[in-house]
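Nothing here was measured: the structure is a model prediction, and the numbers come from that model.
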Amino acid sequence: MQEPIISIQKLHKSYGTKTALNHISIEITKGSVYGLIGQNGAGKTSLIRILNQIIDANSGHIIFKGTPMTSEAVKHIGYLPEERGLYKNMTIEEQALYFGQLKGMTKVNALEQLNYWLDRFDIVDWRKKKIQGLSKGMAQKVQFIITVLHQPDLLILDEPFSGFDPINANLIAKEIKTLAKNGTTVIFSSHRMESVAEMCDALCLIHHGNILLEGSIQSIQKKYVQQVFEVTLNNYQENELTLFLNNADYKTNIIQKEEEEIRFEVINNQKETDQLLHDLLKVGKVISYKQHTPSLQDIFIKTIENA
Ligand SMILES: Nc1ncnc2c1ncn2[C@@H]1O[C@H](COP(=O)(O)OP(=O)(O)OP(=O)(O)O)[C@@H](O)[C@H]1O
């Protein structure tokens, strides 16, 4: 197994009597896109601020690239906060140089990277534009460029798509994926659960400061795959159908019944899938047979409801 780039160990944060993070532990693999998912107030921002050393945890450890996190190591992080902050009176170039140098870049290197990104987004002629003259979407793009300018090992993006129209959101999503493919680790925080599946390799679901779900998208979906099947049979035998519908091992729900063909849902919590198929074949010819895979959104909502 690959070494984690960041290991969060039993991190605890409270504000007075309010617990924001309850001894949580997470390990994130290098080059992965990791989703931090949770409703408003779950604890995501607190975690991100602790990672960036903006606030302190009450207890716990953060190991980054094999050693305890320090303020010097934060220079290897790129952080896009939800509350975007650019200096309105600066030009894009001045802004990039300012932030780049704060992160330890030389002027030459910062300009080189700025050129690369302006070219990549096809906005080379924006260089001397003042931030105050930019539309919201343009400012978001500039903020993204400034976040990735110093080629951080770890990129932390808080609601990265808020404020973007769908075309620009797509563009940014593509860039995030390319960065990850080239070795950057990305932590992607969002309360919009439906936007996560296609972006992330793994995720955790935080609720009231506790981790309810953690792991790769496949492992989470596999765990929650339900024994619910949608089946279409044709040339079915009425008497065998009655027997099947009355079989206590299955719960059935007829969706459509015609003379030749029947479509129904079967919930099978008792028998092996092979046995279900065997029993269905006695009823008629199996035309289609599909297992229901719940969406991540369904899984998150159910998990939170049951918490
Ligand atoms: N400075 C603070 N003082 C007191 N309570 C706080 C403070 N910051 C956060 N909290 C509380 O801690 C809990 C976690 O908040 P946090 O901002 O980390 O959640 P979040 O998941 O980032 O939410 P959102 O999606 O709304 O940004 C919430 O109950 C919040 O009210």
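- In this structure, the ring of Tyr87 has its center less than 6.0 angstrom from the ring center of Tyr98.
- Of the possible donor and acceptor atoms, none in the side chain of Thr184 sits under 3.5 Å from a partner among the backbone N and O of Ala180.
- Contact check for Thr70 versus Val74: no side-chain heavy atoms found under the 4.5 Å cut-off.
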Would you please test Lys44 and Asp158 for salt bridge (Lys or Arg N to Asp or Glu O under 4.0 Å) and show each step?
CA-CA 9 Å; Lys44 306 178 299 293; Asp158 197 357; over 6 Å; no
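- For the 3.5 Å distance criterion, the side chains of Tyr250 and Asp279 qualify, holding a donor opposite an acceptor.
- Side-chain contact between Leu203 and Leu36 is absent, with no heavy atoms from C-beta onward closer than 4.5 Å.
- Listed for the Asp201 side chain is a donor-acceptor partner under 3.5 Å among the backbone atoms of Val33.
- The number of heavy-atom neighbours closer than 6.0 Å to NZ of Lys103, taken from other residues, nucleotides and ligands shown, is above 12.
- A 4.5 Å side-chain heavy-atom check between Asn210 and Ile206 finds every atom pair outside the cut-off.
- Using a cut-off of 4.0 Å between Lys/Arg side-chain N and Asp/Glu carboxylate O, Lys282 and Glu240 are scored as not salt-bridged.
- The shortest distance between side-chain heavy atoms of Lys129 and Leu134 falls below 4.5 Å.
- Under the 4.5 Å side-chain criterion, counting only non-hydrogen atoms from C-beta, Gln95 is not in contact with Ile92.
- Within a 6.0 Å sphere centred on NE2 of His292, heavy atoms belonging to other residues, nucleotides or ligands number more than 12.
- Between the side chains of Thr29 and Tyr34, not a single donor N or O lies within less than 3.5 Å of an accepting N or O.
- Side-chain contact check for Ser71 and Gln53: no donor-acceptor pair (N or O, by modelled atom type) lies under 3.5 Å.
- In plain terms, the two heavy atoms of Glu175 and Phe121 that are nearest each other are CG-CE2, 3.6 Å.
- Counting all heavy atoms, side chain and backbone alike, Ala110 lies closest to Leu97 at CB-CD2, 3.9 Å.
- Proximity of Ile187 to Leu154: side-chain heavy atoms (C-beta onward) are separated by under 4.5 Å at one or more points.
- Annotation: Lys177, atom NZ; neighbour count of heavy atoms from other residues, nucleotides and ligands within 6.0 Å is above 12.
- Among all heavy-atom pairs drawn from Gln221 and Leu296, the shortest one is NE2-N, 4.1 Å.
- Using a 4.5 Å heavy-atom threshold, the side chains of Phe161 and Asn170 count as separate.
- For the pair Ser295 (side chain) and Asp298 (backbone), a donor-acceptor distance under 3.5 Å is present.
- To the nearest 0.5 Å, atom CD1 of residue Ile131 and atom NZ of residue Lys88 are 9.0 Å apart.
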Could you walk me through whether Arg263 and Glu258 pass the salt bridge (Lys or Arg N to Asp or Glu O under 4.0 Å) test, one step at a time?
CA-CA 9 Å; Arg263 187 151 62 92; Glu258 285 163 9; over 6 Å; no
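- Remark: the Asn109 side chain and the Gln113 side chain contain no N/O donor-acceptor pair separated by less than 3.5 Å.
- Remark: Phe264 CZ to Phe244 CZ distance equals 5.0 Å, nearest 0.5 Å.
- Enclosure of atom CG in Asp122 is not indicated, since only 12 or fewer non-hydrogen atoms of other residues, nucleotides or ligands lie within 6.0 angstrom.
- Classified by interplanar angle (parallel below 30°, tilted 30° to 60°, perpendicular above 60°), the ring pair His76/Phe64 is tilted.
- Under a 3.5 Å cut-off, the side chain of His150 and the backbone N or O of Ile77 do form a donor-acceptor pair.
- At a cut-off of 3.5 Å, with distance as the only test, a side-chain donor of Gln9 or Ser7 sits close to an acceptor on the other residue.
- Side-chain polar atoms of His191 and Glu159 form a donor-acceptor pair below 3.5 angstrom.
- Side chains of Lys141 and Asn168: a donor-acceptor N/O pair is present below 3.5 angstrom, by distance only.
- The one candidate from Ile26, Asn58, Ile24 that meets the side-chain contact (heavy atoms from CB on, under 4.5 Å) condition with Leu11 is Ile24.
- Formation of a donor-acceptor pair under 3.5 Å by the His12 side chain with backbone atoms of Leu21 is found in this model.
- Side chains of Ile123 and Trp117 form no contact here, defined as non-hydrogen atoms less than 4.5 Å apart.
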Kindly indicate, with the supporting measurements, whether the criterion salt bridge (Lys or Arg N to Asp or Glu O under 4.0 Å) is fulfilled by Glu93 and Lys130.
CA-CA 9 Å; Glu93 186 177 279; Lys130 279 208 170 174; over 6 Å; no
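- When atom types are taken as modelled, the side chain of Asn52 and the backbone of Ile54 share no donor-acceptor pair closer than 3.5 angstrom.
- For the pair Ser14 (side chain) and Thr17 (backbone), a donor-acceptor distance under 3.5 Å is absent.
- Note on Lys257 versus Glu238: salt bridge recorded, some NZ/NE/NH1/NH2 to OD/OE distance being below 4.0 Å.
- Side-chain atoms of Lys13 come within 3.5 Å of backbone atoms of Asp56 as a donor-acceptor pair (strictly under, hydrogens ignored).
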